[in-house]
Amino acid sequence: MIPRNLQISMVVLFIAVLLLAVYMRNMRGRVSQSPAAGDARPIAPPAAGPSEQAALYVAYDSPGILHAQPARIPLPSGRQQRAQELLQALLQIYLGKNSPHALPPGADIRDVYIVDPGLAVIDLNGAFADGHRSGVLVEELSVASLVQTLGANIPGLNRVKILVDGKERDTLAGHADLSRYYETAVVAKLAEQLASAQ
């Protein structure tokens, strides 16, 4: 026969295991319902470097313009890292709650490469392009915003190429041509014309 104190210990352990199982199931349900659970973007480490004043060219859909928005962000000394931080800061505006130019959830800049002193390559993730709203104006505003932000803040940059998941793509969402190189001087003139039309 099993001693009484051992029987009581076994019953207490069994109840504790059941309570832990219920608790874990409850916690899994909470995690799956949290807003961050659907966001699979990796968290980037904070940028190293002194904070500098930069101009982010933010797209505004309703008037159809690019507006230079001053921002104080930490910028590293390397051109490629600077370009990455500038576009990440711009992306945070677009993914915010009151965005003037909403991008799809999960949209991200995978990387920015400075191939030679005058050429930058922006690599967007698939969520950015696949979930982007279709339309000539909204697509061109997205492209112009990225190109103008880099062109205005990275000295000597004169061309930008945009890839999606490391590959060439014909259009962003059916309209904006991604098969070509964007000249920063041409995009700067377009941004001026859009601003002066208001």
Side-chain angles (χ1 to χ4, degrees), residues 41-42 44-60 64-95 101 103 107-130 132 136-197:
R41 293 182 300 156
S51 290
E52 293 183 28
Q53 192 73 21
L56 303 178
Y57 282 81
V58 179
Y60 286 83
I65 62 167
L66 286 181
H67 176 68
Q69 181 173 317
R72 191 146 193 85
I73 54 177
L75 292 174
S77 59
R79 294 176 81 215
Q80 188 164 319
Q81 293 82 11
R82 289 174 75 84
Q84 180 76 24
E85 291 302 320
L86 287 163
L87 293 186
Q88 287 298 333
L90 182 64
L91 198 66
Q92 291 309 311
I93 294 170
Y94 292 148
L95 294 173
H101 181 76
L103 291 179
D108 199 7
I109 309 289
R110 290 181 61 207
D111 215 335
V112 180
Y113 306 98
I114 306 294
V115 179
D116 64 41
L119 172 64
V121 177
I122 302 170
D123 188 8
L124 308 174
N125 71 350
F128 190 112
D130 296 337
H132 199 284
V136 176
L137 182 60
V138 293
E139 291 179 46
E140 287 296 337
L141 282 172
S142 290
V143 170
S145 173
L146 297 171
V147 173
Q148 180 64 6
T149 295
L150 288 185
N153 293 287
I154 307 291
L157 195 65
N158 51 32
R159 292 185 310 152
V160 176
K161 174 72 174 160
I162 299 176
L163 304 176
V164 177
D165 285 332
K167 299 177 185 140
E168 286 204 15
R169 186 169 167 146
D170 291 335
T171 64
L172 180 58
H175 298 91
D177 185 7
L178 298 186
S179 65
R180 66 186 184 97
Y181 291 86
Y182 285 88
E183 303 289 331
T184 56
V186 172
V187 173
K189 284 183 184 176
L190 173 66
E192 278 180 33
Q193 290 171 352
L194 288 173
S196 66

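Position 1 is the first residue of the sequence, and the numbers go up from there.
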*Give the intermediate values and the outcome of side chain to side chain contact (heavy atoms under 4.5 Å, CB included) for residues V143 and V160.*
CA-CA 10 Å; V143 170; V160 176; over 6 Å; no
*Step by step, would you call I162 with L172 a side chain to side chain contact (heavy atoms under 4.5 Å, CB included)?*
CA-CA 9 Å; I162 299 176; L172 180 58; over 6 Å; no
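Taking every heavy atom of both residues into account, A107 and A127 meet most closely at N-CB, 4.1 Å. The two residues A129 and A173 have their closest heavy-atom pair at O-CB, 4.3 Å. Closest approach of A144 to L190, counting heavy atoms only: CB-CD2, 4.5 Å. When all heavy atoms of A120 and I114 are compared, the closest pair comes out as CB-CD1, 3.9 Å. A pairwise comparison of heavy atoms in L157 and R79 identifies N-NH2, 4.0 Å as the closest pair.
Within a 6.0 Å radius of CG in D170, no more than 12 heavy atoms belonging to other residues, nucleotides or ligands are found.
Identified under the side-chain hydrogen bond (donor to acceptor under 3.5 Å, both in side chains) test for residues 149-158, with sequence neighbours left out: none. Residue pairs satisfying the salt bridge (charged side-chain N to carboxylate O under 4.0 Å, His left out) criterion with at least one member in residues 145-163, sequence neighbours excluded, are listed as follows: K161-E168. Every pair passing side-chain hydrogen bond (donor to acceptor under 3.5 Å, both in side chains) that includes a residue from residues 176-189 is listed here, sequence neighbours excluded: D177-S179.
Listed by chain and number, the residues in a side chain to side chain contact (heavy atoms under 4.5 Å, CB included) with D165 are R110, N125 (sequence neighbours excluded). Take A188 and apply the side chain to side chain contact (heavy atoms under 4.5 Å, CB included) test, not counting sequence neighbours, and it matches Q148. Partners of Y94 under the side-chain hydrogen bond (donor to acceptor under 3.5 Å, both in side chains) rule, at least two apart in sequence or in another chain, are S145. For the salt bridge (Lys or Arg N to Asp or Glu O under 4.0 Å) test, residues two or more places apart in sequence or in another chain that qualify with R169 are D130. For the salt bridge (Lys or Arg N to Asp or Glu O under 4.0 Å) test, residues two or more places apart in sequence or in another chain that qualify with R82 are E52. Q84 is linked by a side-chain hydrogen bond (donor to acceptor under 3.5 Å, both in side chains) to nothing, counting only residues two or more places apart in sequence or in another chain. Partners of D111 under the salt bridge (Lys or Arg N to Asp or Glu O under 4.0 Å) rule, at least two apart in sequence or in another chain, do not exist in this structure.
Contact annotation: the side chain of H101 never approaches that of V58 to less than 4.5 Å [non-hydrogen atoms, C-beta and beyond]. Side-chain contact between L75 and Q81 is absent, with no heavy-atom pair separated by less than 4.5 Å. In this structure the side chain of V164 never reaches within 4.5 angstrom of the side chain of F128, judged on heavy atoms. Side chains of I109 and L90 form no contact here, defined as non-hydrogen atoms less than 4.5 Å apart.
K167 contributes atom NZ, which lies 10.0 Å from atom CG of D123 (distance to the nearest 0.5 angstrom). A distance of 10.5 Å separates CG of L56 from CG of L150, quoted to the nearest 0.5 Å.
Checking L91, V112, L87 one by one against L146, the side chain to side chain contact (heavy atoms under 4.5 Å, CB included) holds for a single residue, L87.
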For residues 66-74, which side-chain N or O atoms pair as donor and acceptor with protein atoms under 3.5 Å away, sequence neighbours left out?
from : atom 1 : to  : atom 2 : distance (Å)
R72  : NH2    : S51 : O      : 3.4

